[in-house]
J.: 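What follows is a structure written as structure tokens; I'll ask about it next.
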Amino acid sequence: WPTAPRRLARRCLRRLGDTMLISHRYQFVYMKTFKTASTAAENALVPFCLAPGTDPTIRPLPRETEHGIISTGGNHGDDCWGGPHAPVKRIRAALGEELFDRYSKIAMVRNPFDKTVSAFFWRSKGHDVVLDISGLSRSQLVSKFREFVQTTGGDIRTRPGFHVDYEATHLGNQQVIDHWVRSEFLEDDMRRVCASCSMEPMELRVGKSKTASRSGDRMPIADWYDRSTADIVRNELGWMFAAGGYSLDPDDASRVLST
């Protein structure tokens, strides 16, 4: 690949987020999206970014070879690639426009009704807690969720607009993804991507993703919504419904149990 983008990529790799993948061998870029079981897809794609015969379970993995780039770290303050969930424009600038435009772009998508519930639970756990839902009854939890959908506001990772995902999959107003992988059909869609990109299906490794952040949630997805909150998700995330071919009715939404 061209010398200038290679030098830039080398400088950026020191701070590259932990989910950005580029395969020169199979000519694809894997774009990270939020709360879509994307860790499992990343793990499945790692072997295609390595030299043939490399064991992808051995750490540390090579970060840059003639076959591809595998990011490590996860610095959200990255000023070159953009870190995890990096916007298209930054990855395109770092890789080089010619290569980026030629390579296939792959990203995960998840039913927005399920995704929004998952984001709600994620924001109540871990080191980045902004919601306190401990000890709430079922009805109180539903009320808290509906308030979350209506008033979340400035957090671009969890507000109904999910603008991080938009910027990670769009250049301006133009959607750039060639292959959408639906969380609900992860293995089938990954096999389709492998076939399209001439990747050997026997290398596919789809494992378990991160520990569930809503393991205690057993409610049907539709029960979380009223008409107002369902309308907000439909209006704000219409492009996601289109990308995954999802129904606009929350009664049709299925759970992704791994995230």
Side-chain angles (χ1 to χ4, degrees), residues 19 31-44 84-85 106-126 128 130-131 133 136 138-152 155-166 168-169 175 177 179-190 206-259:
T19 50
M31 318 294 289
K32 169 75 172 178
T33 52
F34 180 73
K35 298 308 296 175
T36 53
S38 54
T39 300
E42 175 193 347
N43 291 338
H85 310 282
I106 304 167
M108 295 284 296
V109 65
R110 178 178 184 174
N111 187 299
F113 290 123
D114 185 34
K115 178 187 175 89
T116 304
V117 176
S118 179
F120 169 71
F121 276 92
W122 181 79
R123 294 302 280 167
S124 71
K125 297 181 182 292
D128 200 16
V130 297
L131 290 170
I133 62 173
L136 297 184
R138 173 171 169 156
S139 61
Q140 290 172 326
L141 200 58
V142 170
S143 295
K144 191 78 169 179
F145 169 76
R146 293 173 182 175
E147 178 186 350
F148 166 79
V149 172
Q150 293 170 336
T151 65
T152 303
D155 191 322
I156 60 176
R157 289 172 294 173
T158 55
R159 61 177 298 193
F162 280 93
H163 293 300
V164 159
D165 281 358
Y166 190 89
T169 57
Q175 190 265 109
I177 303 304
H179 303 289
W180 289 104
V181 177
R182 297 164 296 174
S183 301
E184 300 83 1
F185 304 98
L186 180 60
E187 293 201 42
D188 288 345
D189 284 358
M190 286 297 297
V206 177
K208 293 181 179 179
S209 60
K210 298 174 184 176
T211 303
S213 62
R214 54 191 272 209
S215 58
D217 170 29
R218 293 293 180 266
M219 280 197 298
I221 293 171
D223 288 359
W224 288 97
Y225 292 89
D226 56 13
R227 180 177 297 180
S228 174
T229 50
D231 282 344
I232 289 173
V233 172
R234 280 189 287 258
N235 293 335
E236 293 283 348
L237 302 180
W239 66 272
M240 285 187 194
F241 285 99
Y246 295 115
S247 166
L248 295 175
D249 186 344
D251 282 318
D252 295 329
S254 59
R255 284 280 304 273
V256 177
L257 297 178
S258 59
T259 57

J.: Looking at Ser254, is its backbone amide N or carbonyl O close enough to the side chain of Glu184 to form a donor-acceptor pair, meaning the two atoms are under 3.5 Å apart?
T.: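 Side chain of Glu184 to backbone of Ser254, a donor-acceptor pair under 3.5 Å: no, none is there.
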
J.: Please report the shortest heavy-atom distance between Arg146 and Asp223, naming the atom on each side.
T.: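 Nearest heavy atoms, Arg146 then Asp223: NH2-O, 3.4 Å.
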
J.: If you round to the nearest 0.5 Å, how far is CE of Met31 from CD1 of Ile177?
T.: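 It comes to 5.5 Å.
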
J.: List the residues meeting salt bridge (charged side-chain N to carboxylate O under 4.0 Å, His left out) with Asp231, not counting sequence neighbours, and say none if there are none.
T.: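 Asp231 satisfies salt bridge (charged side-chain N to carboxylate O under 4.0 Å, His left out) with Arg234 once adjacent residues are dropped.
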
J.: Identify the residue among Val149, Val142, Leu141 that makes a side-chain contact (heavy atoms from CB on, under 4.5 Å) with Phe145.
T.: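 By the side-chain contact (heavy atoms from CB on, under 4.5 Å) criterion, Phe145 pairs with just one of Val149, Val142, Leu141: Val149.
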
J.: Under a 3.5 Å distance rule, please check whether Ser183 uses its side chain to pair with a backbone N or O of Thr36 as donor and acceptor.
T.: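 The answer is yes, because a donor-acceptor pair under 3.5 Å joins these two groups.
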
J.: Starting from the C-alpha separation in whole Å, work towards a yes-or-no answer on side-chain contact (heavy atoms from CB on, under 4.5 Å) for Thr116 and Leu237.
T.: CA-CA 10 Å; Thr116 304; Leu237 302 180; 4.1 Å; yes

J.: Quick one: does Met240's side chain get under 4.5 Å of Tyr246's, heavy atoms only?
T.: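 Sidechains of Tyr246 and Met240: no contact.
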
J.: Show your reasoning for whether side-chain contact (heavy atoms from CB on, under 4.5 Å) applies to Ile133 and Phe121.
T.: CA-CA 9 Å; Ile133 62 173; Phe121 276 92; 4.1 Å; yes

J.: Tell me whether Arg110 contacts the main-chain N or O of Lys35 through its side chain, where contact means a donor paired with an acceptor under 3.5 Å.
T.: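 Yes; judged by distance alone, with no hydrogens or angles, the pair exists.
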
J.: Testing the basics here: between Met108 and Thr33, what is the closest heavy-atom pair and its distance to 0.1 Å?
T.: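 Shortest heavy-atom separation between Met108 and Thr33 comes out as O-OG1, 3.0 Å.
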
J.: So Asp188 and Arg182, side-chain contact (heavy atoms from CB on, under 4.5 Å) or not? Walk me through it.
T.: CA-CA 9 Å; Asp188 288 345; Arg182 297 164 296 174; 5.8 Å; no

J.: Kindly say whether Asp165 contributes a backbone atom to a donor-acceptor pair with the side chain of Thr169 at under 3.5 angstrom?
T.: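 Yes; judged by distance alone, with no hydrogens or angles, the pair exists.
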
J.: Where do Gly244 and Val109 come nearest, in terms of heavy atoms and distance?
T.: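 Looks like CA-CG1, 4.0 Å.
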
J.: Enter the distance from Ser143:OG to Phe148:CZ here, rounded to the nearest 0.5 Å.
T.: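 That separation rounds to 15.0 Å.
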
J.: Check for me whether the distance between the ring centres of Phe113 and Phe241 falls short of 6.0 Å.
T.: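 Yes, the ring of Phe113 comes within the 6.0 Å limit of the ring of Phe241, centre to centre.
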
J.: Looking at CD of Glu147 and CD of Gln140, how far apart are the two atoms once the value is rounded to the nearest 0.5 Å?
T.: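 So the CD of Glu147 and the CD of Gln140 are separated by 12.0 Å.
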
J.: List the atom of Pro250, the atom of Tyr225, and the distance in Å for their closest heavy-atom pair.
T.: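 Closest approach of Pro250 to Tyr225: CB-CD1, 4.4 Å.
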
J.: Any side-chain to backbone donor/acceptor pair from Lys115 onto Phe34? Under 3.5 Å, distance only.
T.: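 At least one qualifying donor-acceptor pair exists.
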
J.: Give me the atom names and distance for the closest heavy-atom approach of Asp252 to Ser247.
T.: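 Asp252 and Ser247 have their closest heavy atoms at OD2-OG, 2.7 Å.
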
